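Working notes for the structure below.
Only a predicted model underlies this, so the values are computations on that prediction, with no experimental measurement involved. Residue indices begin at 1 and follow the sequence shown.
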Amino acid sequence: MKCRVCREPAVIDVRRHNANFCVEHFLEQCRRQVQKAIDAFDMVQPGERVLVAVSGGKDSLALWDLLVELGHRPDGLYIGLGIGDYSDVSGRHARAFAGAKGLTLHEVDLREDHGFDVPTAAAVTRRVPCSACGLSKRHLFDRAARQGGYDVVMTGHNLDDEAAVLFGNVLRWQTEYLARQLPVLAGGNGFPRKAKPLVRLSERETAAYCVLRGIDYLVDECPMAAGNRHLGYKEALNRVEEASPGTKHDFYFGFLERAAALFREGSGDQGQGLQPCSRCGAPSPAELCAFCRLEERVAGAEPVVLRARGATGRRAAR
Ligand code: AMP
Ligand code: FES
Ligand code: ZN
Ligand code: ZN
């Protein structure tokens with residue numbers, strides 16, 4: 001197996017591109033793919049301030065590193081979701097990376113700053129944990145960007161993530177979601193721009209990138225997400241990809257090129273027709289935003305603690 005660029009021994013094959021790469025040229029290929037996504041979708045302009053949402057996993061740490069390598073000076077944002085050891089360890093990885101690189105990491109802790117955590121919110125609302133988790137993350141990314149004067153929030157969603165979400169949205173023809181499933185969402189109306197610069201890299205490539213760059217990331221997946229639909233879609237697409245490499249890329253980029261615009265009419269902008277939340281000031285369709293409603297609903301609930309192997313239980317009353 002030889003590197004496509006220099007013919008030296010290769011360390012990784014990327015079947016989608018029908019190519020093998022040595023360490024140096026694989027890292028270069030990752031930088032090139034990210035630059036290509038940034039340019040193709042106008043993700044960031046020179047001089048703009050970038051906030052990277054960092055979970056301590058492979059994708060967001062690879063993204064932070066790649067942006068620095070490409071000459072940006074992005075700050076990080078870590079959100080403590082209160083998901084037991086998983087959150088403790090993920091925070092440590094994010095902090096260690098920031099410390100080693102001399103980068104700024106902002107932190108928000110759901111429990112300390114807002115009085116609840118994801119397991120407790122899930123129990124109180126009786127909905128899947130990912131629902132309160134996603135709502136909280138989106139709200140806190142937006143808020144941190146507004147308060148810190150950042151132009152764009154970048155997340156580590158990769159090709160596998162986007163293809164799986166697209167698959168789920170298509171299976172149920174969720175046209176509103178399809179209209180917004182873009183690698184970049186314009187800012188405005190109180191929202192920062194949102195961008196996903198890793199859409200041209202697969203999960204396997206971001207993991208390899210971290211290993212080859214010596215980036216120590218949290219390997220475990222979120223225990224609360226185990227068995228959810230999204231993971232099932234990922235597995236299904238992996239089987240298709242295995243049999244015909246490049247399918248995920250064609251599915252996702254074919255959607256962007258040929259179908260996304262069909263769904264977009266009138267719903268491409270974030271936050272049209274919203275008013276400031278009376279409690280936190282975030283743009284909201286109702287007097288109280290969804291995050292503040294959740295915060296009020298969960299306030300005072302007995303915290304749920306996660307036991308080993310993802311089992312949940314209530315903490316003894318204090
Ligand atoms: P997920 O929704 O867990 O697949 O994560 C998608 C992206 O959201 C990650 O690549 C990060 O950019 C961001 N993200 C996830 N969890 C956190 C967190 N706890 N703090 C900050 N950003 C996060
Ligand atoms: Fe959100 Fe697991 S990270 S529920
Ligand atoms: Zn090479
Ligand atoms: Zn609010």
Side-chain angles (χ1 to χ4, degrees), residues 1 3-5 9-38 52-70 74 76 78 83 85-87 89-98 100-101 103 154-165 167 183 195-226 228 230-242 245-249 251-252:
M1 196 164 95
C3 171
R4 169 158 93 181
V5 185
V11 295
I12 186 166
D13 63 320
V14 183
R15 289 179 66 203
R16 183 171 85 257
H17 295 304
N18 200 14
N20 308 317
F21 295 99
C22 70
V23 175
E24 181 192 336
H25 291 119
F26 175 70
L27 298 177
E28 185 185 87
Q29 157 84 354
C30 292
R31 291 193 295 270
R32 205 173 36 239
Q33 294 299 330
V34 170
Q35 189 63 56
K36 208 166 160 179
I38 289 176
V52 188
V54 190
S55 66
K58 58 187 182 325
D59 302 310
S60 49
L61 288 180
L63 173 60
W64 205 1
D65 189 66
L66 280 157
L67 290 170
V68 173
E69 288 290 297
L70 291 173
Y78 170 74
I83 305 177
D85 290 349
Y86 171 77
S87 290
V89 179
S90 61
R92 283 207 287 277
H93 284 284
R95 274 171 228 125
F97 181 83
K101 299 264 174 185
L103 295 165
M154 294 189 172
T155 52
H157 295 93
N158 56 42
L159 178 60
D160 301 66
D161 295 322
E162 293 306 289
V165 171
F167 190 37
K196 301 170 182 172
L198 297 187
V199 286
R200 300 188 59 89
L201 292 177
S202 74
E203 212 156 271
R204 179 168 166 267
E205 286 146 48
T206 61
Y209 180 89
C210 286
V211 171
L212 296 173
R213 289 280 296 161
I215 298 170
D216 197 11
Y217 63 91
L218 174 60
V219 176
D220 294 347
E221 297 289 342
C222 169
M224 307 216 79
N228 76 9
H230 180 70
L231 293 179
Y233 297 151
K234 268 192 173 175
E235 282 163 19
L237 287 176
N238 283 344
R239 283 198 290 278
V240 179
E241 180 77 14
E242 178 65 32
T247 305
K248 274 184 212 175
H249 176 100
F251 179 48
Y252 178 64

Do other residues, nucleotides or ligands put more than 12 heavy atoms under 6.0 Å from E221 CD? no
From the list R204, R200, E205, side chain to side chain contact (heavy atoms under 4.5 Å, CB included) partner of R16 resolves to E205
If we ignore hydrogens and angles and just use 3.5 Å, is the side chain of [X] paired with the main-chain N or O of [Y] as donor and acceptor?
{"X": "D65", "Y": "A62", "result": "no"}
{"X": "S60", "Y": "S55", "result": "yes"}
{"X": "E241", "Y": "K248", "result": "yes"}
{"X": "H230", "Y": "A164", "result": "no"}

How close do [X] and [Y] get, counting heavy atoms only, and between which atoms?
{"X": "L231", "Y": "A225", "answer": "CD1-O, 3.5 Å"}
{"X": "L61", "Y": "G56", "answer": "CD1-O, 3.7 Å"}
{"X": "P74", "Y": "V68", "answer": "CD-CG2, 3.9 Å"}

In Å and rounded to the nearest 0.5 Å, what is the [atom1] to [atom2] distance from [X] to [Y]?
{"X": "R95", "Y": "S90", "atom1": "CZ", "atom2": "OG", "result": "8.0 Å"}
{"X": "L212", "Y": "C22", "atom1": "CG", "atom2": "SG", "result": "10.0 Å"}
{"X": "T206", "Y": "D160", "atom1": "OG1", "atom2": "CG", "result": "8.0 Å"}
{"X": "Y233", "Y": "D161", "atom1": "OH", "atom2": "CG", "result": "15.0 Å"}
{"X": "W64", "Y": "E69", "atom1": "CH2", "atom2": "CD", "result": "14.0 Å"}
{"X": "H93", "Y": "L218", "atom1": "NE2", "atom2": "CG", "result": "5.0 Å"}

Is there a side-chain contact between [X] and [Y], using heavy atoms and a 4.5 Å cut-off?
{"X": "L67", "Y": "I38", "value": "yes"}
{"X": "P183", "Y": "Y252", "value": "yes"}
{"X": "F97", "Y": "L103", "value": "yes"}
{"X": "L66", "Y": "L201", "value": "yes"}

Kindly determine whether Q29 and H17 satisfy side chain to side chain contact (heavy atoms under 4.5 Å, CB included), including the steps that lead there. CA-CA 11 Å; Q29 157 84 354; H17 295 304; 3.4 Å; yes
Verdict with reasoning, Y209 to I215, per side chain to side chain contact (heavy atoms under 4.5 Å, CB included): CA-CA 8 Å; Y209 180 89; I215 298 170; 4.2 Å; yes
Salt bridge or not between R32 and E28? Use side-chain N to carboxylate O under 4.0 Å. yes
Once salt bridge (charged side-chain N to carboxylate O under 4.0 Å, His left out) is applied, do any residues pair with E203, and if so which ones, sequence neighbours excluded? K234
Mind checking salt bridge (charged side-chain N to carboxylate O under 4.0 Å, His left out) for K36 and listing every partner two or more places apart, or none if nothing turns up? none
Trace of the side chain to side chain contact (heavy atoms under 4.5 Å, CB included) decision for V219 with Y217: CA-CA 6 Å; V219 176; Y217 63 91; 3.7 Å; yes
Could you walk me through whether D220 and V89 pass the side chain to side chain contact (heavy atoms under 4.5 Å, CB included) test, one step at a time? CA-CA 10 Å; D220 294 347; V89 179; over 6 Å; no
Determine the interplanar angle of the F251 and F167 rings, folded into 0 to 90°, and report it as parallel if under 30°, tilted if 30 to 60°, perpendicular if over 60°. perpendicular
